[in-house]
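Encoded as structure tokens, the structure appears first; notes follow it.
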Amino acid sequence: MSGEHVLICVAWPYANGPLHLGHVAGCYLPPDIQYRFERAMGNRVLMVSGSDEHGTPITVTAETQGITPQAVVDQYHEMNLKALLDLGCSWSTHLDPRGAEYGGALFNRTSDPDHKRMVQENFRALETGGFFERKTTEQYYEVNEDGTGRFLPDRYVEGTCPACGADGARGDQCDACGATYEAVELKNPVSKMNPSATIEIRETDHLFYRLDLFQDALEQHALNQQSSWKSNVKAMTKQWLDMGLRPRAVTRDLEWGIPVPLDGETWGGKCIYVWFEAVQGYSTCARIWSKTHAPSLPEGEETWKRWWCVAENGTMPRHLYFLGKDNIPFHTVIWPALILGLNHVHKGGTASEPVSLPGPGEFALESNVPAMEYLMLAGGQFSKSRKHAVWLPSFLERYDPDTLRYYLSINMPENHDTDFNWPDFVERVNSELIAAYGNFVHRVLTLGARLPHEEGASPFAAHDGHSSVEAHRAHLEGALGDITTSLQRHRYKEALRAIMTVAQYGNQVLQNAAPWKHLKEPQDGADESLAALAFCWRIARFLAITTQPFLPTSAQRLWSTLGNDDDVSAMAWQESVNWDAPLTWSAETPQPLFQRLDLDEILAAEQNLVEEGPESDAVHGVKGGKKKGGKKVKEEIEGITYLEFETFMKVNLRVGRILSVEDHPNADKLYVVRLDDGTDDGRTICAGLKAYYEPEEMEGKLVVFVENLKPRPLRGVTSEGMMLAADDGNDGVRLVTIDGDIAPGSQVR
RNA sequence: AGCGAGGUGGGGUAGUCUGGAUAUCCCGUCGGGCUCAUAACCCGGAGAUCGAUGGUUCAAAUCCAUCCCUCGCUACCA
């Protein structure tokens, strides 16, 4: 197994905002654990990723902030890379200390000129091979007053729905009636970014990648991977393949990206579609790595091929892709189709010949895609727009990175969504990481320090290797086997749990041996007792080596405390059960590995953060949310407890009389209600009351409605407000009506 | 309503793909021990008809069918 080439591919974070804990748990922490583990196993590991820096959202951010797109991506590239490094991820290990032939890591970016050049080369090669087809499409074009203009992506256009006539329909789909249509069918289109501009429809040519030509090969590939892929990966991939693959656009009318490398006026002002381009970063990054960091090797700039190509004897490099569940088909269908296409044209093939799976010398496809589900925050999804997130940079400013790595690993969304919340975080860190593991090694070291020993020499020297520890040795060797198997199967939770169980085992050994009895004067049984203590030092050493992939910072602290001056990440995995390893010892007084966390303090700090934020209304710091009430605390930090009085008064409630109730022409559950609201025109409200009221029951009633709710089309009828009704959550719904008689339009407050 | 995920002692969970005997771990709880250690550590107890029903099987938390409920996204939620 040793010496295998392993390529670890990490999904490229979009350089349009900071990373949050959901990203970390989903795709940035697991690959780092794997990288460190594979290295310890003696494999040759190359890890690649970087910032995804092109595409329309970034230009939008730039426009809103009044800066250039390059400034936006520079800012977030730097911020995200720093956060990942602060988290202890190995991106600064450009070259493996064992030598360049053992690999390294590179966190690149898609604005890298080499990346652009390589993508353009690949683009031309696929074009020459006939894998693109050209189609003319119609797109929106925004014309400014000075005559300049640009094409607009569908999502930046809105207008009137051609099917139901509702306003506010998006470029390609109507939210009101659900109709989908060609973007150009929309009536009265308006640019969201620039409402005053004239919108025209212009023809524009684009190239499409012939995904359909890869259907058979990809189905075969998916079949081959059945035994190794996780069930969510299998399911998502199957869904895509069953739908049938269709050509997919690879060019875009877009300013911020890699220019289409073809001659002719048609292609001016067009860029390569981001999906086609960024995903190639997995290979361009490896090539750039070998160019910058491995020129001294025999193959020089071609070194990357050791990780990318099938060897002449048929040996496959192992390719692992780490990503979130939303990205699965992209990496099991689309990216493999590109790899196969490149293989095909590199050996001189064209699109008219059938494509085949990789053979010797060709680019390999993925071995496994250990995709994660989502990490939720206090029961809800992380959301940038709702500011419902814990940002990685701000977390790392305040807390030990290993506490986060521990909690996210032991709680990793491997098989289903899991939840991050502060009470649970504090609980697990304090009781598992600190009380079980941290406390164990501290006990061993302080006990050792109290044993009589010469300055600088190990106090355990006289007690090591006693025959009574045989069983303990076997136990740890067994545990190491389990941990190794778990990690090879990408079961991180299980692996870390097994490591923590070893710490627990250590506590038991200590408890049974009770070596403290012999500190002052040896009593009966001192030999065996102190032999057990000496073995506990070896357990601590075992823990330093095995926690290293998960908790690199504290593992190194422990390693140094144990009296080593080298780097624990360079230790071979098997070294953890080397019972002949020298008994190193540090003369310094042992310090606890971790600081205990205090929930009240943390909640107070997080509360301040929320209040400092720009949208801090509706947050009251509620003190006294002591330990237990997990639910209660959740609500507080989500900031949804109290409403400011002014906020409440923004809601205008008025009385209206129901004039008529009709069935919605296009919806099963809705009534269209005409209301006398005291104005001449009256108003129309859609209400989902069909299940609870007959029209006759409602007509004539005086009800309360929200006057200033933003009108919104519902299935083609614009609803101008909302009638208040009580809902017992148990199928009982009743309208709020007025006691006695009062004029429609009266204010309610 | 559609898609996705899930229902396991008081709370949070492992195990489910690959069926096997007393169902895992953390917290809480009750009792005992230890006193080296960061209010930490160790031992023991109580507490679960594994969402429901039916089926397959010598054997089901695990496989199949039907149903109920919860959550996320979508939405005829206003």
Side-chain angles (χ1 to χ4, degrees), chain A residues 173 175-178 226-227 229-232 234-236 239 325-326 373-374 376 379-383 410-411 413-419 421 423-424 426-436 438-451 491 493-494 497-498 500-501 503-519 529 533 536 590-597 627-631 663-673 685-691 705-706 709-725 727:
Chain A
Q173 187 181 2
D175 285 336
C177 69
Q226 286 301 302
S227 59
W229 282 356
K230 289 169 43 164
S231 62
N232 58 350
K234 285 190 268 198
M236 298 284 273
Q239 210 172 339
K325 65 176 165 188
D326 50 332
E373 300 285 321
Y374 286 144
M376 313 294 268
Q381 196 152 21
F382 276 77
S383 160
I410 206 73
N411 197 21
E414 286 171 9
N415 298 316
H416 55 78
D417 296 349
T418 59
D419 193 57
N421 64 73
D424 194 39
V426 171
E427 178 81 50
R428 303 202 78 146
V429 167
N430 279 346
S431 74
E432 298 173 20
L433 183 65
I434 301 182
N439 188 44
F440 166 68
V441 298
H442 195 234
R443 292 173 87 180
V444 175
L445 293 169
T446 47
L447 281 167
R450 290 188 180 195
L451 281 176
R491 298 180 171 211
K493 279 199 265 216
E494 190 177 86
R497 168 66 50 212
M500 288 300 133
T501 306
Q504 212 167 32
Y505 183 77
N507 274 321
Q508 290 166 1
V509 172
L510 264 192
Q511 190 65 35
N512 293 332
W516 45 88
K517 287 181 186 167
H518 312 290
L519 284 181
S529 173
L533 175 58
C536 284
Q591 296 298 317
L593 259 189
F594 302 99
Q595 290 294 317
R596 278 180 66 84
L597 301 176
K627 285 86 191 163
K628 321 210 167 158
K631 276 260 166 62
D663 286 353
H664 192 292
N666 196 22
D668 302 333
K669 292 183 182 171
L670 292 181
Y671 283 134
V672 179
V673 179
I685 291 181
C686 294
L689 293 172
K690 254 190 180 175
F705 69 93
V706 182
L709 196 59
K710 187 179 177 186
R712 157 120 191 228
L714 290 173
R715 286 242 145 200
V717 176
T718 301
S719 180
E720 307 162 304
M722 171 175 175
M723 292 190 294
L724 266 44
D727 183 343

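Labels below follow one simple rule: chain letters A, B, ... track the order of the sequence lines, proteins then strands, and each chain is numbered from 1. Both backbone and side-chain heavy atoms feed into the values below; hydrogens, waters and symmetry mates do not.
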Think A/Arg450 has a side-chain N or O under 4.0 angstrom from the OP1 or OP2 of B/A37? yes
Any idea which of B/C17, B/U38, B/C41 is nearest the A/Arg443 side chain? B/C41
Minimal non-hydrogen separation, A/Glu432 against A/Ile410, with atom names: OE1-CG1, 4.1 Å
Which part of the nucleic acid, if any, lies within reach of A/Phe705 when heavy atoms closer than 4.0 Å are counted: base, sugar-phosphate only, or nothing? nothing
Separation between the P atoms of B/C64 and B/U56, rounded to whole Å: 15 Å
Any strand, both distances under 3.5 Å, Watson-Crick or G-U wobble: B/G20 pairs with B/C58
From CG of A/Asn415 over to P of B/A61, roughly how many Å is that when rounded to an integer? 20 Å
Do NZ/NE/NH1/NH2 and the carboxylate oxygens of A/Lys230 and A/Glu373 come within less than 4.0 Å? no
Using purine N1 to pyrimidine N3 plus N6-O4 or O6-N4 for Watson-Crick, or N1-O2 and O6-N3 for G-U wobble, both under 3.5 Å, which nucleotide pairs with B/A75? none
Nucleotide forming a Watson-Crick or wobble pair with B/A5, both distances under 3.5 Å: B/U70
How far, in whole Å, is B/G11 from B/U57 if one measures between their C1' atoms? 36 Å
Is A/Arg497 close enough to B/U24 that one of its side-chain N or O atoms is under 4.0 Å from OP1 or OP2 there? no
Please tell me which of the listed nucleotides, B/A37, B/C41, B/U38, lies nearest to the side chain of A/Asn507? B/C41
Rounded to the nearest 0.5 Å, what separation is found between the CG atom of A/Leu593 and the CZ atom of A/Phe440? 11.5 Å
For nucleotides B/A61 and B/U8, find the distance between their C1' atoms and express it as a whole number of Å. 7 Å
Mind checking the C1' distance from B/C76 to B/A1? Whole angstroms is fine. 9 Å
Taken to the nearest 0.5 Å, the spacing of A/Leu670 CG from A/Ile685 CD1 works out to 12.5 Å
What is the separation between atom CZ on A/Phe440 and atom P on B/C42, rounded to the nearest whole Å? 11 Å
So if I take every side-chain heavy atom of A/Arg596 and compare against B/C27, B/A40, B/A78, which nucleotide ends up nearest? B/A40
Side-chain N or O of A/His416 closer than 4.0 Å to phosphate OP1/OP2 of B/A14: yes
Write down the atom of A/Tyr374, the atom of A/Pro413, and the distance for their closest heavy-atom approach. O-CB, 3.5 Å
Residue A/Ala435, side-chain atoms from C-beta onward, closest of B/U35, B/C41, B/U38: B/C41
Nearest-angstrom distance, P atom, B/C26 to B/G45: 14 Å
Quick check for you: among B/A37, B/C41, B/A78, whose closest atom lies nearest to any side-chain atom of A/His442? B/A37
Which nucleotide in the list B/C17, B/U38, B/C77 gets nearest to the side chain of A/Asn439? B/U38
With nearest nucleotides of RNA chain B determined for A/Met723 and A/Trp229 from heavy-atom distances, which residue corresponds to the more 5′ nucleotide? A/Trp229
Contacts of A/Thr418 and A/Leu510 projected onto RNA chain B by closest heavy atom; the upstream (5') one is A/Thr418
Which whole number of Å gives the distance between the C1' atom of B/G51 and that of B/G44? 32 Å
Which of B/C36, B/A78, B/U38 is nearest the side chain of A/Leu593? It is B/U38
For A/Lys325 and B/G4, is the shortest distance between a side-chain N/O and OP1 or OP2 below 4.0 Å? no
For a quick test of reading the model: is some side-chain N or O of A/Gln508 closer than 4.0 Å to OP1 or OP2 of B/C41? no
In this structure, are over 12 heavy atoms from other groups packed under 6.0 Å from A/Lys517 atom NZ? no
Nearest-angstrom distance, P atom, B/U22 to B/A46: 16 Å
Residue pair A/Leu597 / A/Val429: nearest heavy atoms and the distance that separates them: CD1-CG1, 3.6 Å
Reckon A/Gln504 has a side-chain N or O less than 4.0 Å from the OP1 or OP2 of B/C26? yes
For the P atoms, the ones on B/U62 and on B/U16, what distance do you get once it is rounded to whole angstrom? 12 Å
